[in-house]
Asks: 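Before anything else, here's the structure in question.
None of the values given here were measured: they were computed from a predicted structure. In what follows, residues are counted from 1 in the order of the sequence shown.
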Amino acid sequence: MFKRVLIAAAVAAAVSAPAFADVSITGSAEMDLFYRTNNTADGDGKLLEEVAIVINFNGSEKLDSGNTLKWKVAQKIATDYRFDSFGKREAWIGYQGGWGELRFGNQFTNSYLTMDWPYGVKGTGNLWADFGAFENTWADSISYFSPNFGGFSFTAQYKLGAQATGVGSGDGYDLTAGFGVAGFNFDLGYQYNNDRLVGTWAAGANDSVSGSKDAPGANSQLIHAGVRGSFGDFGFRAAYKNNAWENAAGQEADFDQYLAGVSFSGFTLSYQYKDRLKAAGVEYNNEIQQVAFQWDTQLGKNTWAGVQVRHQMIDNPSQTALPGWALDGWNGKDDNVTRALVYTWTAF
């Protein structure tokens with residue numbers, strides 16, 4: 001009986017302790033209904049849907065030192081391929097003060113966050129934020145976020161890397177910086193993955209620069225830069241990326257990407273261009289162009305709906321061996337693929 005009383009007291013203390021901290025649940029719920037062309041070997045289209053619900057558990061507590069301890073656990077629900085287990089999306093602990101913020105654990109890379117928003121928006125994310133020589137999450141990373149110095153701020157992120165026999169250390173670095181003034185914002189970033197070939201490797205040249213994706217001496221590098229601004233209902237953005245790989249044998253591959261977009265009063269028009277891949281001394285005829293249009297309208301305080309159409313033009317299908325997800329389920333044969341989508345999105 002005495003042991004039961006002690007256990008009950010311990011459980012009660014553990015349950016009541018979070019009342020002294022700030023804990024919240026936030027997230028979003030999105031519904032996409034879309035049609036994609038050229039999704040089968042015969043060139044037929046498909047009508048598909050996706051429901052993506054993101055739940056974030058956030059916590060913070062003011063420490064005696066004046067700093068703040070923060071934590072976050074996040075996951076995606078109703079998807080069967082990405083971030084669909086508890087904490088797989090994010091799971092980190094951080095410490096924040098006037099000196100900035102440090103985070104430890106499973107985090108998005110800051111280069112990915114910059115490319116995902118505010119650049120890879122309104123239908124352009126498949127080629128801008130999800131495609132190239134980088135990783136979007138690091139499970140074993142340490143991140144530093146600087147304070148804002150008169151409009152300038154920066155982040156520095158380090159991936160510890162898994163130590164395994166016969167495999168490179170797999171560590172990595174991610175640096176971003178931004179500056180905002182008079183309605184303009186400038187963004188710059190760099191990511192380096194050591195002893196690993198990451199992202200969309202070779203990007204469609206029949207793997208002409210091939211090799212193990214985890215190998216001592218291999219590396220992957222990303223450089224990205226952008227400018228954006230808004231003036232009333234008008235907005236614009238323009239960005240550049242360079243994706244580069246080098247395998248353990250010293251063979252190199254790289255290609256450039258360009259993005260431009262304008263928006264006005266709920267309407268957005270964007271254009272992307274993926275330049276030719278240069279791999280092992282060979283230049284491949286595999287350019288890709290994309291035009292994307294989106295119209296948004298607000299249905300409530302936290303809810304939006306809209307229509308999106310994006311069309312991708314493939315210069316030479318025989319030299320463009322991209323995975324289907326990168327080009328809306330493209331069948332690999334036709335020289336174009338289109339996706340038309342209607343959506344609702346709400347935040348909570």
Asks: I'd like to know if the side chain of Asn67 pairs up with that of Gln96 as donor and acceptor (distance under 3.5 Å, no hydrogens or angles considered).
Replies: no
Asks: Is it the case that one hydrophobic cluster holds both Ile93 and Tyr144, taking links as side-chain heavy atoms less than 4.5 Å apart, direct or via other members?
Replies: yes
Asks: Side-chain contact test, heavy atoms from C-beta onward, threshold under 4.5 Å: evaluate it for Thr109 versus Gln157 and give yes or no.
Replies: yes
Asks: Is it the case that the side chain of Lys278 and the backbone of Val282 share a donor-acceptor pair, with hydrogens and angles ignored and the cut-off at 3.5 Å?
Replies: no
Asks: Do other residues, nucleotides or ligands put more than 12 heavy atoms under 6.0 Å from the CH2 atom of Trp117?
Replies: no
Asks: Measure the spacing between CG of Leu102 and OH of Tyr95 and express it to the nearest 0.5 Å.
Replies: 9.5 Å
Asks: Roughly how far, to the nearest 0.5 Å, is CG of Leu127 from CE of Met115?
Replies: 12.0 Å
Asks: Does one side chain, of Thr114 or His224, offer a donor that lies under 3.5 Å from an acceptor on the other?
Replies: no
Asks: What are the two closest non-hydrogen atoms of Gly178 and Asp187, and how far apart are they?
Replies: CA-OD1, 4.1 Å
Asks: Does a donor on one side chain and an acceptor on the other come within less than 3.5 Å for Arg339 and Gln312?
Replies: no
Asks: Scan Val291, Asn126, Thr124, Thr338 and name whichever one has a side chain to side chain contact (heavy atoms under 4.5 Å, CB included) with Arg310.
Replies: Asn126
Asks: Would you say Tyr190 and Asn242 are linked by a side-chain donor-acceptor pair, where the criterion is simply a distance under 3.5 Å?
Replies: no
Asks: Starting from the C-alpha separation in whole Å, work towards a yes-or-no answer on side chain to side chain donor-acceptor pair (under 3.5 Å) for Tyr112 and Gln191.
Replies: CA-CA 9 Å; Tyr112 168 76; Gln191 186 179 124; over 6 Å; no
Asks: Any side-chain to backbone donor/acceptor pair from Arg89 onto Ile55? Under 3.5 Å, distance only.
Replies: no
Asks: With side chains defined as the heavy atoms from C-beta onward, is the minimum distance between Gln75 and Ile77 less than 4.5 Å?
Replies: yes
Asks: Testing the basics here: between Pro147 and Gly98, what is the closest heavy-atom pair and its distance to 0.1 Å?
Replies: CG-O, 3.4 Å
Asks: Classify the side-chain pair Asp171/Asn194 by whether it contains a donor and acceptor separated by less than 3.5 Å.
Replies: yes
Asks: May I ask you to say whether Lys159 pairs ionically with Glu135, meaning some side-chain N is under 4.0 Å from a carboxylate O?
Replies: no
Asks: Just how far is it from atom OG of Ser60 to atom CG of Leu69, taken to the nearest 0.5 Å?
Replies: 8.5 Å
Asks: Can you tell me if Asp334 uses its side chain to pair, donor with acceptor, with the backbone of Asn336 under 3.5 Å?
Replies: no
Asks: Looking at CZ of Phe234 and OG of Ser265, how far apart are the two atoms once the value is rounded to the nearest 0.5 Å?
Replies: 12.5 Å
Asks: Would you call the rings of Trp245 and Phe255 parallel, tilted or perpendicular, taking 30° and 60° as the class edges?
Replies: tilted
Asks: Donor-acceptor check, side chain of Asn39 to backbone of Asp328, threshold 3.5 angstrom: yes or no?
Replies: yes
Asks: Determine whether a donor-acceptor pair (N or O, by modelled atom type, separation under 3.5 Å) exists between the side chain of Asn106 and the backbone of Lys88.
Replies: yes
Asks: Considering residues at least two apart in sequence or located in another chain, which fulfil the salt bridge (charged side-chain N to carboxylate O under 4.0 Å, His left out) criterion with Glu101?
Replies: Lys70, Arg103
Asks: I want to check something: taking the side chain as every heavy atom from C-beta on, are Ser141 and Gln107 in contact at a cut-off of under 4.5 Å?
Replies: yes
Asks: Is a side-chain N or O of Asp254 found less than 3.5 angstrom from the main chain of Asn243, in a donor-acceptor match?
Replies: no
Asks: If we only count heavy atoms from C-beta on, is the Ser220 to Phe134 side-chain gap below 4.5 Å?
Replies: no
Asks: For Ala177 versus Phe152, what's the shortest heavy-atom pair and its separation?
Replies: CB-CE1, 4.0 Å
Asks: Is the shortest heavy-atom distance from the side chain of Asn247 to the side chain of Leu197 under 4.5 Å?
Replies: yes
Asks: Report yes or no: do Phe145 and Phe186 belong to one cluster of Ile/Leu/Val/Met/Phe/Trp/Tyr joined by side chain heavy-atom distances under 4.5 Å?
Replies: no
Asks: Going hydrophobic residue to hydrophobic residue with side-chain gaps under 4.5 angstrom, can you get from Tyr273 over to Leu269?
Replies: yes
Asks: What's the verdict on side chain to side chain donor-acceptor pair (under 3.5 Å) for Thr155 and Thr176, showing C-alpha distance, side-chain angles and the deciding distance?
Replies: CA-CA 5 Å; Thr155 70; Thr176 66; 2.4 Å; yes
Asks: Side chain to side chain donor-acceptor pair (under 3.5 Å), that's the test. Do Ser263 and Thr268 meet it? Break it down for me.
Replies: CA-CA 4 Å; Ser263 62; Thr268 302; 4.6 Å; no
Asks: Decide whether Leu47 and Leu341 are clustered together by the hydrophobic rule: side chain heavy atoms of Ile, Leu, Val, Met, Phe, Trp, Tyr closer than 4.5 Å, transitively.
Replies: no
Asks: Are Ser318 and Asn316 close enough, and set up right, to give a side chain to side chain donor-acceptor pair (under 3.5 Å), and what steps lead you there?
Replies: CA-CA 6 Å; Ser318 67; Asn316 190 335; 2.6 Å; yes
Asks: Counting the benzene-type ring for Trp, do Tyr119 and Tyr240 have ring centres under 6.0 Å apart?
Replies: no
Asks: With distance as the sole test, does Asn286 use its side chain to make a donor-acceptor pair with the main-chain N or O of Thr320 at under 3.5 Å?
Replies: no
Asks: Flag the pair Thr40 / Lys46 as yes when at least one side-chain heavy-atom distance between them is below 4.5 Å, and no otherwise.
Replies: yes
Asks: Within the 4.5 Å heavy-atom criterion, are Thr68 and Leu63 side-chain neighbours or not?
Replies: no
Asks: Just do the side chain to side chain contact (heavy atoms under 4.5 Å, CB included) check on Asn219 and Asp195 with the steps written out, would you?
Replies: CA-CA 5 Å; Asn219 68 77; Asp195 292 342; over 6 Å; no
Asks: Before you tell me yes or no, could you show the steps for Trp345 and Met31 under side chain to side chain contact (heavy atoms under 4.5 Å, CB included), namely the whole-Å CA-CA distance, both residues' side-chain angles and the distance that decides it to 0.1 Å?
Replies: CA-CA 7 Å; Trp345 185 90; Met31 185 287 300; over 6 Å; no
Asks: Kindly give the heavy-atom pair with the smallest separation between Gly123 and Gln290, and that separation in Å.
Replies: O-OE1, 3.7 Å
Asks: Quick one: do Trp138 and Phe108 satisfy side chain to side chain contact (heavy atoms under 4.5 Å, CB included)? Show the steps, please.
Replies: CA-CA 6 Å; Trp138 282 343; Phe108 285 107; over 6 Å; no
Asks: What is the minimum heavy-atom distance between Ala248 and Pro216, and which atoms define it?
Replies: CB-O, 3.5 Å
Asks: Test of understanding: with side-chain contact (heavy atoms from CB on, under 4.5 Å), list the residues that count as partners of Val342, not counting sequence neighbours.
Replies: Leu33, Val307
Asks: Can you say whether the rings of Phe184 and Phe231 are parallel (under 30°), tilted (30 to 60°) or perpendicular (over 60°)?
Replies: perpendicular
Asks: Measuring only between side-chain heavy atoms, which start at C-beta, is Lys72 closer than 4.5 Å to Asn56?
Replies: yes
Asks: For Arg276, is there an ion pair with Asp256 - N to carboxylate O distance below 4.0 angstrom?
Replies: no
Asks: Looking at every non-hydrogen atom in both residues, tell me the closest pair between Gln294 and Asp296 and how far apart they are.
Replies: NE2-OD1, 2.7 Å
Asks: Name all pairs fulfilling the ring-ring contact (aromatic ring centres under 6.0 Å, His included) condition that reach into residues 305-331, sequence neighbours left out, sorted by first residue then second.
Replies: none
Asks: Is there a path from Phe348 to Tyr343 through hydrophobic residues (I, L, V, M, F, W, Y) whose side chains come within less than 4.5 Å of each other?
Replies: no
Asks: Would you confirm whether Thr346, through its side chain, and Asn302, through its main-chain N or O, come within 3.5 Å as a donor-acceptor pair?
Replies: yes
Asks: Where do Phe149 and Phe179 land on the ring-ring contact (aromatic ring centres under 6.0 Å, His included) test, with the steps shown first?
Replies: CA-CA 9 Å; Phe149 302 102; Phe179 179 68; over 10 Å; no
